[in-house]
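Let me begin by presenting the structure, written as structure tokens, before commenting on it.
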Amino acid sequence: MHKIAVIPGDGTGPEVVAEGLKVLEAAADTAGFDFDTANFNYGGDRFIDTGETLPEGALDELKEYDAVFLGAIGHPDVKPGILETGILLKIRFALDQYINLRPIKLYPNVECPLVDKGPEDIDLVVVRENTEGLYVGSGGFLRKGTPNEVAVQESINTRMGVERCIRYAFEYCRKRDRDKKVTLCGKTNVLTYAFDLWERAFNEVAEEYPDISADYAHVDATCMWFVKNPEWFDVVVTDNMFGDIITDLGAMIQGGMGIAAGGNINPDGTSMFEPIGGSAPKYTGKNVINPLAAISSVQMMLEFLGEDKAGKLVEDAIVRALSEGKIKSMSAGKMGMGTSDVGDLISGYVRESK
Ligand code: IPM
Ligand code: MN
């Protein structure tokens, strides 16, 4: 019995989560496993009502679950930063979800903005460090609000944190068994402390994996090559900030936010899965948002719960729906069907694949 905490969250989060759960149920019925969900109303509305981001004890409670399925966090009436740091980053840090795993895969029939690139060219995974770097909130102001104000925001990189992330990338690459190549994405020519540590750790870990080739690319060049030669990449490992940026670019080359999923992984604890597109307030309640990213997050969650067969059923159903041209576009409002129709279609295909 898998215990799953569900945080539908803000904006279109609840709509896409509903479709994800529909598919999860179909996968459980078809592949034959049990799961139980509990709902948590964390998000902007609850913050506006109570002034609280997460209630006392929430983090300990979430740790009791095998996985968390999250819709979106972000509310137009709440100042940017409060919900992100108070809920999303808080959970990532407190549950030590030190990997942010973001597959970038172009499925058949999905419109790609890159000329002459197809599904065979775009199939990579970014392993983003998820608990350190510029995200830890280290720094502060001096003389705030005066003309002589100083703001410092430091990137924190521990040998332990960097090494466990790099090791995860190599292990993942070996299991994935595609090009057997891990690329470190950094900025060793300018960030001569942080990425010196990253590079040394990377080279040392790489020695333990003679079957995998180790490569390096500066982050700016990585952006260029994601567009020009995405086929060069298999597994990319990078720090928190660079990972945030390059995975938005990655989402675009795989067809947009409508299909981009991610996992916040603690290999020894509770992991959290989410569509990476955000709360999209302007589409809320209109049944137009694309739930495929949330459905792909369910697929990732199944794989991490050890339900590989169920995960495969979900991916096959997504590929089938796209190959048949049933979903016209990845963009909200342009799918040629509603949010719930997409969930019905995919869950129907999962059930048919018995
Ligand atoms: C993401 C998001 C978050 C991040 C924000 C909402 C804090 O952009 O998951 O990529 O920067 O990690
Ligand atoms: Mn982001």
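Indexing begins at 1, ligand by ligand and atom by atom, following the structure's order.
A parallel orientation is assigned to the rings of Y172 and Y168, their planes being inclined by less than 30° (bins at 30° and 60°).
For atom 10 (O) of ligand 1, the choice among I245, D244, I276 with the nearest heavy atom turns out to be D244.
Taking every heavy atom of both residues into account, R176 and L124 meet most closely at NH2-CA, 3.5 Å. The shortest heavy-atom contact between L70 and P275 is O-CD, 3.2 Å.
Proximity of the aromatic rings of F195 and F242 is defined here by a centroid distance below 6.0 angstrom, and this criterion is met.
Contact annotation for M241 and ligand 1: no heavy atom of the residue comes within less than 4.0 Å of the ligand.
Protein heavy atom at the shortest distance from atom 1 (C) of ligand 1 is R102 NH2, 3.3 Å. The closest protein non-hydrogen atom to atom 4 (C) of ligand 1 is Y135 OH, 3.5 Å. Nearest protein neighbour of atom 5 (C) of ligand 1, counting heavy atoms only, is L88 CD2, 4.2 Å.
Residue R92 has at least one heavy-atom neighbour below 4.0 Å for each of these atoms of ligand 1: 1 (C), 4 (C), 9 (O), 12 (O). For ligand 1, the atoms sitting less than 4.0 Å from at least one non-hydrogen atom of E84 are 6 (C), 7 (C), numbered in the order shown with element in parentheses.
Between R128 and ligand 1, at least one pair of N/O atoms sits closer than 3.5 Å.
Although no hydrogens or angles enter the test, the distance criterion places no donor-acceptor pair under 3.5 Å between the side chain of Y209 and the main chain of A214. Under the 3.5 Å distance criterion, the side-chain polar atoms of N266 are matched with a main-chain donor or acceptor of D268.
Checking D244 against the Mn ion (ligand 2), an N/O/S atom falls under the 2.8 Å cut-off.
Counting non-hydrogen atoms of other residues, nucleotides and ligands closer than 6.0 Å to CD of E120 gives a total above 12.
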